[in-house]
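Reviewing the structure listed below.
This chain uses plain numbering: 1 for the first residue, then up along the sequence. One-based numbering, in listed order, for ligands and for the atoms of each.
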Amino acid sequence: MPICWRLSGGGSQLGLTSQPSRAQSVAVLGAPFSRGQKRGGVEHGPKAIRDAGLLERLSGLDYAVHDFGDLSFHHVEKDEPYMDVKFPRTVGAANKTLSGAVSRAVGAGHTLVMLGGDHSLAIGSVAGHAQQCPDLCLIWVDAHADINTPMSSPSGNLHGQPVAFMLKELQDKMPDIPGFSWTKPFLSSRDLVYIGLRDVDPGEYQILKDLNIQYFTMRDIDRLGIQRVMEVSLDHLLSRKQRPIHLSFDVDAFDPSLAPATGTPVNGGLTYREGIYITEEIHNTGLLSVMDLVEVNPMLGATRQAVEATASLAVDVIASSLGQTREGAHASIDEIPSVKVDTEQLRL
Ligand SMILES: NC(=[NH2+])NCCC[C@H](N)C(=O)O
Ligand SMILES: [Mn+2]
Ligand SMILES: [Mn+2]
């Protein structure tokens, strides 16, 4: 059962205090796509992440893992730029395909992991998720805000614009872009939180401020600490009601020393521990419904080791989002016969 149906149905009157049961199945879907930006290679992200051992790690977490393989995308011929937007029809068609696949996987009851590919894929991934779970909220972990409109974009690359397609409040700022007639905005700006920002374009800054979007830059993380950042983020999204979470994780949120194989690296990013703390906290809500892991580009690492480090970091982030802990085993302590526990003492 999708997490949104479990939340709204089930007859539980406990509301905020009820913990939804853990999803029994995780589906993995590859989206080998790169036309949302200009550098080749990011279409090989899904393979690099699988080769780093993703499926083995997830089965080790006690899930039934379904590998849905990779989608196949077609390049639309004569895909001329619209305004300055590059490959609009190709990106639009790929995202339409992706949104259908995501919607079906969520509808079938899986927690879905989407492997990119560039971040323009979030248009289809979040839209497909929203088709099943209209009240989802979005956590965007990234060096970039990816909220440019075609007018504000300095590059014309659609991987810098996906959030603008989603937000209802930006509807009148979005022109009709060829390839995107199937989309319509579905998210309110208050249902979105950014974590890790450190490279925000002037037009994006204006939008973040105008729409009063909750965001935490790397400076905010330095100031508050990641624990407080997660507390405020989750409170912002979940205090009114429990709702499914879409996590869109751009690997360039990490410091380039940890994730070098990516197209738009920015210095001063998340540490390994900050990244893992973010995903542990998201897992602990019990509300993660879909996650994207995007922008791993195995053609951009300086060495094979650099590429493998980036892909294996992606695997760690995904596993942690799905419940891998730093404390060790999952079995609840009273299921382990060899451990004698004084529960009275534990409660102290
Ligand atoms: N998903 C990403 N890596 N996005 C980078 C975006 C960079 C820049 N802000 C742009 O609009 O082109
Ligand atoms: Mn980014
Ligand atoms: Mn991004």
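Between D255 and N267, the side chains place no donor N or O within less than 3.5 Å of an acceptor N or O (distance only, hydrogens not considered). A donor-acceptor contact under 3.5 angstrom links the side chains of D252 and H144, judged on distance only. With 3.5 Å as the limit, one finds a donor-acceptor pair spanning the side chains of D142 and H119.
None of the N, O or S atoms belonging to D146 lies under 2.8 Å away from the Mn ion (ligand 2). Residue contacts to the Mn ion (ligand 3): D252 brings no N, O or S atom closer than 2.8 Å. One of the N, O or S atoms belonging to D250 lies under 2.8 Å away from the Mn ion (ligand 3). In summary, an N, O or S atom of H144 is located under 2.8 Å from the Mn ion (ligand 2).
Annotation: atom 3 (N) of ligand 1 to nearest protein heavy atom, T264 OG1, 2.9 Å. Nearest protein neighbour of atom 7 (C) of ligand 1, counting heavy atoms only, is H144 CD2, 3.9 Å. Nearest non-hydrogen protein atom to atom 10 (C) of ligand 1 is S155 OG, 3.5 Å. Nearest protein heavy-atom contact of atom 4 (N) of ligand 1 is D146 OD1, 2.9 Å. Atom 9 (N) of ligand 1 has as its closest protein heavy atom D201 OD2, 2.6 Å. With respect to atom 11 (O) of ligand 1, the closest heavy atom belonging to the protein is N148 ND2, 3.0 Å.
Under 4.0 Å from ligand 1, the heavy atoms of D250 that appear belong solely to its side chain. Under 4.0 Å from ligand 1, not a single heavy atom of T262 appears. Only the side chain of E295 comes within 4.0 Å of ligand 1, counting heavy atoms alone; its backbone N, CA, C and O stay farther away. Here H159 has heavy atoms under 4.0 Å from ligand 1 in both its backbone and its side chain. No part of A145 comes within 4.0 Å of ligand 1, judged by heavy-atom distances. Neither the backbone nor the side chain of V200 comes within 4.0 Å of ligand 1, counting heavy atoms alone.
Taking the Mn ion (ligand 3) as reference, the nearest N/O/S atom within H119 carries the name ND1. The closest approach of D142 to the Mn ion (ligand 3), by N/O/S atoms, is made by OD2.
Ligand-side atoms of ligand 1 in range of P154: 11 (O), range being under 4.0 angstrom from any heavy atom. Those atoms of ligand 1 with a heavy atom of D252 less than 4.0 angstrom away are 3 (N). Numbered from 1 in the order shown, with element, the atoms of ligand 1 that lie under 4.0 Å from a heavy atom of G160 read 6 (C), 11 (O).
Using cut-offs of 30° and 60° for the angle between ring planes, the F180 and F165 rings count as tilted.
Hydrophobic clustering, with ILVMFWY side chains joined whenever heavy atoms are under 4.5 angstrom apart, groups F216 together with L247. Residue M218 is grouped with residue L224 when hydrophobic side chains (ILVMFWY) are merged at heavy-atom distances under 4.5 angstrom, including chains of intermediate members.
Between S120 and F33 the shortest side-chain heavy-atom distance falls below 4.5 Å.
F68 has its ring centre less than 6.0 Å from the ring centre of H110.
Proximity of a side-chain donor or acceptor of Q132 to a complementary backbone N or O of S103 within less than 3.5 Å is detected. Judged by distance alone, the side chain of Y63 and the main-chain N or O of L58 form no donor-acceptor pair under 3.5 Å.
A salt bridge between K47 and D70 is absent, with no side-chain N of the basic residue lying under 4.0 Å from a carboxylate O of the acidic one. Salt bridge annotation for D135-K241: present, with a cationic side-chain nitrogen under 4.0 angstrom from a carboxylate oxygen. Using a cutoff of 4.0 Å between basic side-chain nitrogens and carboxylate oxygens, R89 and E80 are not scored as salt-bridged.
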